[in-house]
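A short write-up of the structure that comes next.
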Amino acid sequence: MRIRIFSTPRAAARALAGELARTLRARPRLVLGLPTGRTPIPLYEELIALHRAGRVDFSRATTFNLDEFVGLPAAHPSSYSTFMRRHLFDQVNLSRRRIHVLDGAARDTAAECTRYERAVARAGGVDVQLLGLGANGHIGFNEPGPALAARTHRTRLTRATRRANAALFGHRPARVPREALSMGMATILQARRVVLLATGRGKARIAARMLLGPITTRLPASFLQLHPDAEVWLDRDAARLLDV
Ligand code: GLP
């Protein structure tokens, strides 16, 4: 894995937005995998700024979000779908029909997961998968455990993850759904390029374990070590336990 370290989260966001803009200019039909969470917000802000400046055009791009809470319709104020509309989709010129977010309110979640896998395949696979890093090492909602799901699936969230997502639910962990739909590990690892972004002191320990430790289902992000084109972009705080 290549590691890139920036002085601040903003510097990392600016550099990554610039790189994505260049990639989109070279390849307007880019298929992007997108994360939610606090970490990508500065990146989305920078992409919106570039778009407003006329320097990035999303009109032919396709996006697939990583995950969604089970039971929440897209319009629910706490859904990841709403998060994405607020932080990116409503402010750039992505075509609605090329935006894909799992439907957490689907009556048949297994069918919804299959539909999503097919949509990814129909789009020709993900070109650039952007990822955040859960404090417990999860990517998407692939939680640590004795085994990891390969494909898009329904999963139970750990207590720590529900706590980490409480801000979206009025800071009430008990309100965070107990289950989610998430792209699987194979879906993520089949992306042609993966960029994981992690910032802040709170991510330093898990980032070091992901990069330097063994590959284990107890730390799903450690599987990125197997990817031929994976990059980890850190700010100085998140990189403080790396000997670089
Ligand atoms: C959530 C998301 C993950 C995200 C993680 C980290 O649980 N499902 O995709 O990477 O949170 O969030 P943050 O960036 O807020 O630390």
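Side chains are part of it too, since the values below use all heavy atoms of this structure and drop only hydrogens, waters and symmetry mates. Predicted model, so just to flag it, every value in this text is computed and none were measured. Just follow the structure's listing: the first ligand is 1, and inside any ligand the first atom is 1.
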Which atoms form the tightest heavy-atom contact between Thr152 and Met183, and what is the distance? OG1-CA, 3.6 Å
Can you list the residues that meet the side chain to side chain contact (heavy atoms under 4.5 Å, CB included) rule with Ala119, with sequence neighbours excluded? Phe64, His100, Arg122
Ion pair Glu231/Arg193, N-O distance below 4.0 Å: yes
Decide, yes or no, whether a salt bridge links Arg10 with Glu45 under the criterion of side-chain N to carboxylate O below 4.0 Å. yes
Parallel, tilted or perpendicular: which one describes the rings of Phe83 and His87, with boundaries at 30° and 60°? tilted
Please determine whether salt bridge (charged side-chain N to carboxylate O under 4.0 Å, His left out) holds for the pair Asp127 and Arg27, giving the CA-CA distance in whole Å, both sets of side-chain angles, and the decisive distance to 0.1 Å. CA-CA 10 Å; Asp127 292 311; Arg27 206 168 162 182; 3.3 Å; yes
Residue shell around ligand 1, heavy atom under 4.0 angstrom: Thr36, Gly37, Arg38, Thr39, Asp67, Tyr80, Gly132, Leu133, His138, Gly140, Phe141, Asn165, Lys203
